[in-house]
Structure formats: structure tokens, C-alpha cells
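Read the numbers this way: they start at 1 and go in the same order the structure lists the ligands and their atoms.
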Amino acid sequence: MTQSVAFIGLGAMGWHMASHLPKLGIEVRVWNRTEQKAHDHAAQFGTKAVAIEQAVAADVIISCLPTSADIEALIAKYPPKSGAVWVDCTSGVPDSAKQLAQALKKIGAAYLDAPVSGQTIGAERGTLTVMVGGDEQAFRIAHPIIQAFAGLIEYVGESGAGFAVKAVNNTLMATHLWALAEGLTVLKAQNVDLNSALNCINHSSGQSGISQNIMAQRVLSREFPKTFALDLLQKDIGIAIDLVQQKTLELDILERIQQQFNRIEKHQAKQLDFSAAIQILERDTQLELKI
Ligand code: NDP
């Protein structure tokens, strides 16, 4: 039975995800690289700020760091105990998930790739979609813990499957964003009111999560609030394109989307919300998408 859970990585997503765990009624340990954030979290949500050694000694460990490389480095230095389940909510690399699952199995622990979707607002509301790959017995142990911050939990297959689904999902999100921006650019050139156009699209077959929740709120408003950094989306598209290339598939649209999103340098992309990628298109066309 799970008696303790630890959350590692109190960033834009992890801060909110970990805030739902105290309702489970078990000990909730939190660790963050910048230690003060863990103390602030403990004060606000009743979690317990601990040293990394205590975090990885929990029965279930949840992590949400930027990349698989960050997780690999952490686990190499601070492996979990035998019998533990590590639930990695990072948007990571499928091959890394397979290797980590094998490495942890050797010490009697389990690793699940369990990336999340739903943006920071979904994390705050506890309604994230969680796509899980890995050992099914470990999944059953982790399920009630994941439920604390999830709206949908879907077991998608063996190790790496969760990361693969997440990478494809985010590449589709980027595709929707770019395609909608191109569509609105055409309408702007035709002197159509963009607010009215978007309202029509949102009640028609061209709608998407991007048309409903991102375009007006972040792009047309010119606010581009940073909740999901563009460099993280570039990483996710890169993971999806690696999968395409591993299987020598020729998938033209996805690869062209990567080219567009990679036109912003990584160091600059780190500072921007993903929606700001549209400013590249605006520069190309000399047409600004504002109301
Ligand atoms: P943030 O950059 O906001 O947070 C990253 C967290 O990881 C921070 O707690 C940071 O600590 C910690 N961290 C960074 N590098 C290391 C390291 N080398 N060792 C230990 N800790 C480290 O990222 P997000 O929360 O936005 O994203 C986390 C993951 O979730 C990413 O994989 C992202 O792609 C994914 N994701 C993000 C969404 C979003 O809307 N933001 C939506 C869905 C998934 P410190 O405080 O010290 O910097």
C-alpha cells in the first residue's frame, strides 16, 4: 500500500500538480532544485519540503522536469528504493523511458512514462490528461495517486508509448496553431474582422483547442503570456520527428511544422510562450494578427 508520495520539480506544471496530492491523506514530500520553492509549496499546501534523498525514498515518486536528460541525470545519482514506482510526468523521449524502465526493474523498482496535457490551467484545476506507458502492475499502483491531478488517465502501452503520444499531440497542437494563423492571415489580407472570423470558426468545423483557448486569448490580444515555453514545444516536436525518422516515414506536414517552429533560436524560445512562434509568420507576411 502506498504510504508516501514525493513530487520532484515544482515548475509551472509541477507546482499545481503537487498541490492536489495532500487530499490523498498520505505523506506528501516535495523537492525542487531551487529549494525555496519547496518551502513555499509546503507552507501553502501542507506538503513537506525534503532533501532529495528523502524524496526518492518515497513509495511513489512523481517527477516533472524539462527533459528526459534531466531525469536520467537525477535517477543515476538518486535511484529509488526497491518496490517503488517512479511516475515521470516530464514530456520525454520514448527510448529514454525504455532504458529507465529496464534500469529500474533491475533494482526492483518501476518507471512509468506519464506525460500530461492540459496546460497550467489544467494542472491548477486537477483536470490533466495523463498518458501512461510501462508496466501494468505499476500502473495499477500509481493510478489512485495520478488521479489526484487528472481528468483522464489513459494507459497507452509499453514503456515509451506515453511519451510518443504526448510528442505527437504537441506537434498537432503546433500544427493547429500555425494553420489557424495562416488562415487568419488570409482573412486579414481580405480585410475581414478577425474577431468575427474566429467566432465563426469556433462554431464551425475548423475549430480546435487552439482556436478556442489560445488564438484570441494569447495572439490576437498580443499578450503571449508565458505558461508553456516555446523551447519545450520545440523539444516535443523534435521527439515526434525523431520517431518519424526512426521509421523512415515521409510525413511532410509534421516536418514542415518543425522547420517553422525551429526558426526561433533556443535561447530566445526559452523566454517566450509557444504562441509567440506566430510572430515569425507575421514577419514573413508583414501582417499582424491583432483585433
Ligand atoms: P518549468 O521550466 O516551469 O519547470 C521546470 C522544473 O524543473 C522546475 O521545478 C526546475 O527547477 C526543475 N528543473 C529544471 N532543470 C532541472 C534539473 N536539471 N534538475 C532538477 N530540477 C530541474 O517547466 P514546466 O513545468 O512548464 O514543464 C515541465 C515538463 O512538463 C516539461 O517536460 C514540459 O514539456 C511539460 N509540460 C508543460 C506544460 C506547460 O503548459 N507548461 C504542459 C504540459 C507538459 P527550478 O525551480 O530550480 O528551476
Side-chain angles (χ1 to χ4, degrees), residues 6-19 29-42 47 49-53 55-56 61-78 86-94 96-97 100 113-132 146 149-152 162-174 177 209-210 213-214 217-218 224-240 261 266-267 269-277:
F7 201 104
I8 292 178
L10 302 170
M13 294 299 285
W15 176 270
H16 297 297
M17 289 161 72
S19 75
R29 308 172 188 176
V30 290
W31 179 82
N32 194 65
R33 181 179 62 177
T34 306
E35 203 182 322
Q36 187 55 44
K37 272 196 214 169
H39 291 293
D40 293 347
H41 198 276
T47 52
V50 297
I52 185 67
E53 290 83 355
V56 298
I61 301 129
I62 307 174
S63 52
C64 192
L65 302 188
T67 67
S68 282
D70 298 319
I71 295 290
E72 286 167 11
L74 191 82
I75 291 183
K77 205 164 172 198
Y78 303 104
W86 192 300
V87 180
D88 186 12
C89 297
T90 304
S91 299
V93 177
S96 171
L100 286 172
D113 46 306
V116 298
S117 182
Q119 310 254 342
T120 50
I121 185 75
E124 197 171 349
R125 291 178 179 157
T127 57
L128 293 171
T129 296
V130 189
M131 36 212 112
V132 187
I146 298 172
F149 51 79
L152 172 75
F163 284 164
V165 175
K166 171 67 186 175
V168 169
N169 176 77
N170 275 22
T171 308
L172 290 177
M173 179 184 76
L177 177 63
I210 290 289
N213 303 318
I214 302 294
Q217 297 83 340
R218 299 191 187 203
F224 306 105
K226 190 184 156 207
T227 69
F228 177 41
L230 178 56
D231 72 318
L232 293 178
L233 179 57
Q234 291 173 331
K235 167 207 59 166
D236 295 336
I237 299 171
I239 293 169
F261 277 77
K266 189 173 162 53
H267 71 274
K270 212 177 171 65
Q271 313 304 327
L272 297 171
D273 187 61
F274 74 100
S275 57

>> Is it the case that the side chain of Asp88 and the backbone of Asp113 share a donor-acceptor pair, with hydrogens and angles ignored and the cut-off at 3.5 Å?
In response: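 Not a single qualifying donor-acceptor pair exists.
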> Does the Asp273 side chain pair with the main chain of Ala229, one donor and one acceptor, at a distance under 3.5 Å?
Replying inline: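 Pair absent, no side-chain N/O of Asp273 close to backbone of Ala229.
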>> I need the contact residues for ligand 1: any residue with a non-hydrogen atom closer than 4.0 Å to the ligand, ordered by chain then number.
In response: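 Ligand 1 pocket, heavy atoms under 4.0 Å: Gly9, Leu10, Gly11, Ala12, Met13, Asn32, Arg33, Thr34, Lys37, Cys64, Leu65, Pro66, Asp70, Thr90, Ser91, Val116, Gln119, Thr120, Lys166, Thr227, Phe228, Leu232, Lys235.
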>> When you compare the side chains of Asn213 and Gln217, does any donor N or O come within less than 3.5 Å of an acceptor on the partner?
In response: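 Absent: no donor and acceptor within the cut-off.
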> Got a sec, which residues hit side-chain hydrogen bond (donor to acceptor under 3.5 Å, both in side chains) with Thr67, two or more places apart in sequence or on another chain?
Replying inline: Asp70
>> Tell me whether the rings of Trp15 and His41 are parallel (<30°), tilted (30 to 60°) or perpendicular (>60°).
In response: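 Rings of Trp15 and His41: perpendicular, as their planes differ by over 60°.
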>> Is it true that, when you exclude Lys270 itself, more than 12 heavy atoms of the residues, nucleotides or ligands shown sit nearer than 6.0 Å to its NZ?
In response: no
